[in-house]
Amino acid sequence: MTQNNKELDEWCNKLYKEELKYYDQVKKIRKIAPQVKGYTKKKTKKIDNSLQELLVCHEEASEIVQNKIKLATRSLEITNQIIKKVVTQDLSRELPLLENKTNPPPLCGKVKSKKNYIVPSGELVAAYTQTDISTNNWILCHVKLYSQEKKEYTLVDFFVENNRGPRYYTASKQDVIPLPNTLSVHHIKSTEFSRGSKVLAIYPETTTFYPAKVLKSPKNRSTSTYQTHYYLLKFDGDTVPKHDIYARWVIPSNPNNY
């Protein structure tokens, strides 16, 4: 029994010492707990302040971006209005008429340009392009420049979509056909496509060249002042039987062999 009591006392003493050790640790934790809580509170407040500042900066940046977008959109609208005005004026402009009865110059009506002719900047051309919509388009373009090094043109699509800027293309010389820059007063045979000829011509109210057949040449319509230099054409697959097309917008059906 005495031996058992002794072991019990030893065990109790050991347990008491362990309790004291844990008690000291608890005291230390309780002592530093307020400091940790205060530190955490300060850090949390700083984080909250930083997030608030970041939110304000984001809102200010978003407002600046929105204003930039509005200005850019307005600028694009004004640019498109100017371009459309120029386009309308250019499309309606009539070509000079030449009195030559023989040897018409290059680009008089259907007369070909010289072999090494480079179309000047700003001039209108028919350009072969490939788009997402079609892989066989001859469209009306302005020449921006020609690179002698690359042997290619940089072109600007004549058609301007709403809320979009100009569309640019690059094209080799064989994919660019200069349009007539003069017409013959006397309807010289070498300057006009004859009846039955296959041609490409701009379809009314578009800027795209479509296959067509000549029903009447300008020479055959010279009795009418308005139709003096207009072809009467039938477009392939068109439900409308015929259209009056100004000679400036009519080119050969095989431009690559032109």
Side-chain angles (χ1 to χ4, degrees), residues 83 85-128 138-146 153-159 171 173-233 235 243-258:
I83 292 174
K85 185 177 180 180
V86 172
V87 165
T88 303
Q89 291 174 346
D90 208 351
L91 286 176
S92 61
R93 180 172 62 86
E94 293 191 353
L95 296 177
L97 301 178
L98 299 183
E99 292 285 348
N100 305 49
K101 292 186 178 182
T102 58
N103 300 323
L107 298 179
C108 179
K110 75 167 188 176
V111 181
K112 293 190 294 184
S113 62
K114 292 182 179 180
K115 186 176 180 180
N116 296 321
Y117 177 69
I118 302 299
V119 184
S121 298
E123 290 295 312
L124 291 174
V125 295
Y128 180 81
W138 283 92
I139 63 173
L140 188 64
C141 290
H142 273 296
V143 174
K144 184 178 181 183
L145 57 89
Y146 178 75
Y153 287 96
T154 298
L155 307 169
V156 185
D157 193 341
F158 204 75
F159 175 69
K173 285 187 68 174
Q174 59 264 31
D175 288 335
V176 172
I177 303 299
L179 299 180
N181 55 25
T182 58
L183 297 173
S184 171
V185 172
H186 303 288
H187 302 287
I188 303 172
K189 185 178 180 179
S190 60
T191 67
E192 295 184 356
F193 295 101
S194 59
R195 181 178 179 181
S197 297
K198 293 291 186 179
V199 296
L200 290 175
I202 291 182
Y203 192 84
E205 298 182 5
T206 77
T207 56
T208 302
F209 292 81
Y210 292 96
K213 180 180 179 180
V214 176
L215 300 179
K216 285 187 179 182
S217 67
K219 183 177 181 179
N220 301 131
R221 313 184 74 196
S222 59
T223 54
S224 171
T225 303
Y226 170 75
Q227 296 171 336
T228 298
H229 291 93
Y230 280 73
Y231 286 92
L232 188 65
L233 302 181
F235 285 92
H243 289 278
D244 293 318
I245 305 297
Y246 187 46
R248 185 185 186 190
W249 314 122
V250 181
I251 60 176
S253 59
N254 295 313
N256 288 328
N257 298 324
Y258 182 50

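Because only heavy atoms are used, hydrogens play no part in the values below, and waters and symmetry mates are left out as well, while side chains stay in.
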Exercise for the section: Decide if the gap between the ring center of Y246 and the ring center of H229 is smaller than 6.0 angstrom. Expected result: no
Practice task
Check whether more than 12 heavy atoms from other residues, nucleotides or ligands sit under 6.0 Å from atom NZ of K173, and answer yes or no.
Solution key: yes
Problem - Side-chain donor or acceptor of Y153 paired with backbone N/O of V119 under 3.5 Å - result: yes
Exercise for the section: Look only at the side chain of S121 and the backbone of K144, and say whether a donor-acceptor pair between them is shorter than 3.5 Å. Expected result: yes
Handout entry: L155, T206, D157, L179 screened by side chain to side chain contact (heavy atoms under 4.5 Å, CB included) with L140, the one that passes
Key = L179
Exercise for the section: Answer yes or no: is there a side-chain heavy-atom contact under 4.5 Å between Y117 and P178? Expected result: yes
Practice task
Mind checking the OG1-CG spacing from T208 to L200? Nearest 0.5 Å is all I need.
Solution key: 11.0 Å
Exercise for the section: Kindly give the heavy-atom pair with the smallest separation between A127 and C141, and that separation in Å. Expected result: CB-SG, 4.0 Å
Handout entry: Any side-chain heavy-atom pair of I202 and R248 under 4.5 Å
Key = no
Completion exercise
Checking T182, L107, L183 against L95 for side chain to side chain contact (heavy atoms under 4.5 Å, CB included), the one that qualifies is L183
Completion exercise
Between T191 and S184 the two heavy atoms that sit nearest each other are OG1-CB, 3.8 Å
Problem - Distance in Å, Y128 OH paired with I139 CD1, rounded so as to fall on 0.5 Å steps - result: 11.5 Å
Problem - Euclidean distance, K216 NZ relative to R195 CZ, rounded to 0.5 Å - result: 8.0 Å
Problem - Student check: side-chain heavy atoms of L233 and V250 closer than 4.5 Å - result: yes
Handout entry: Interatomic distance, L97 atom CG to H186 atom NE2 [nearest 0.5 angstrom]
Key = 10.0 Å
Problem - Positive for side chain to side chain contact (heavy atoms under 4.5 Å, CB included) with H243, one of Y231, Y203, Y230 - result: Y203
Problem - Gap between atom OG of S197 and atom NZ of K110 - 0.5 Å precision - result: 6.0 Å
Exercise for the section: Decide yes or no for L124 and W249: does some side-chain heavy atom of the first lie under 4.5 Å from some side-chain heavy atom of the second? Expected result: yes
Practice task
Kindly give the heavy-atom pair with the smallest separation between V143 and P120, and that separation in Å.
Solution key: CB-O, 3.6 Å
Practice task
State, yes or no, whether a side-chain contact exists between L232 and N220 at a heavy-atom distance under 4.5 Å.
Solution key: no
